Amino acid sequence: MQTETAEVKSIVNSLTRDQQATVYKWADGVSTVTPPGHWDAIAEPYVSAASFSEVRASRVFALLNMALHDAAVACWDAKYFYFNPRPSQLDPSIKTQTGLPNFPSYVSGHSDFSAAGSDVLSYLFPDGATYFQTQMKEAAMSRLYAGIHYRSDIEVGMDHGKRIGDYTVRFAKTDGAN
């Protein structure tokens, strides 16, 4: 943890303008529905462009939000099982770039949510898969740039979220809608 804490401090102390913008983009502001709502907003133009019926559009948002919900449950279960401190709790000289969440660090919720969301949307809209992957990685890294997560929180969170997204995709393949 000492090495990872030092990495967080080094990154926070040398942020670029683009990295800072990424922090703010994925923080979404106070009292928002981030990151699940952010993923709903990412899905919306794809649903609109597909000219889906209300039933098909509802299916997209149902599948996406099933995965996001499962990611939340699994992520917070891990957070409170491991109860890891935030980087700034181990090194108070780390200046976070966004508010410090009032729950444990491991695993990263943004990483977990974003990998699950990206996975489901990539299945539903394969032409957008590259974009969804880019957004997932950006969301995940925003937490390291913000100084509130270690790299291991992010990497495990992305893997965890991908497995959760895969579960939802397996369900979608058998729901009779294709």
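Sequential numbering from 1 along the given sequence is applied to the chain's residues. Here the structure is a predicted model, which is why all the values come from computation and not from measurement.
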Shortest non-hydrogen contact from [X] to [Y]?
X: D175; Y: A177; result: OD1-N, 3.0 Å
X: A57; Y: V47; result: CB-CG1, 3.5 Å
X: A43; Y: F61; result: CB-CE2, 3.9 Å
X: Y123; Y: A172; result: CE2-CB, 3.7 Å

Test your reading of the model: is there a side-chain donor-acceptor pair from [X] to the backbone of [Y], 3.5 Å cut-off?
X: D119; Y: D166; value: yes
X: K9; Y: I94; value: no
X: S118; Y: F132; value: yes
X: D28; Y: T34; value: no
X: T96; Y: G99; value: no

Under 4.0 Å between a side-chain nitrogen and a carboxylate oxygen: does that hold for [X] and [Y]?
X: D153; Y: R143; value: no
X: D159; Y: R163; value: yes
X: E4; Y: R151; value: no

Go through the structure and list residues passing ring-ring contact (aromatic ring centres under 6.0 Å, His included) with Y167, not counting sequence neighbours. none

Parallel, tilted or perpendicular, as decided by the 30° and 60° cut-offs, for the rings of H110 and W26: perpendicular

Do the ring planes of F125 and Y46 sit parallel (below 30°), tilted (30 to 60°) or perpendicular (above 60°)? tilted

Aromatic contact, W76 with F103 (centres under 6.0 Å): yes

Going through the distances and angles, do S93 and D91 end up as a side chain to side chain donor-acceptor pair (under 3.5 Å)? CA-CA 5 Å; S93 72; D91 181 349; 2.6 Å; yes

Determine, stepwise, if the pair S58 / E54 fulfils side chain to side chain donor-acceptor pair (under 3.5 Å). CA-CA 6 Å; S58 295; E54 290 176 357; over 6 Å; no

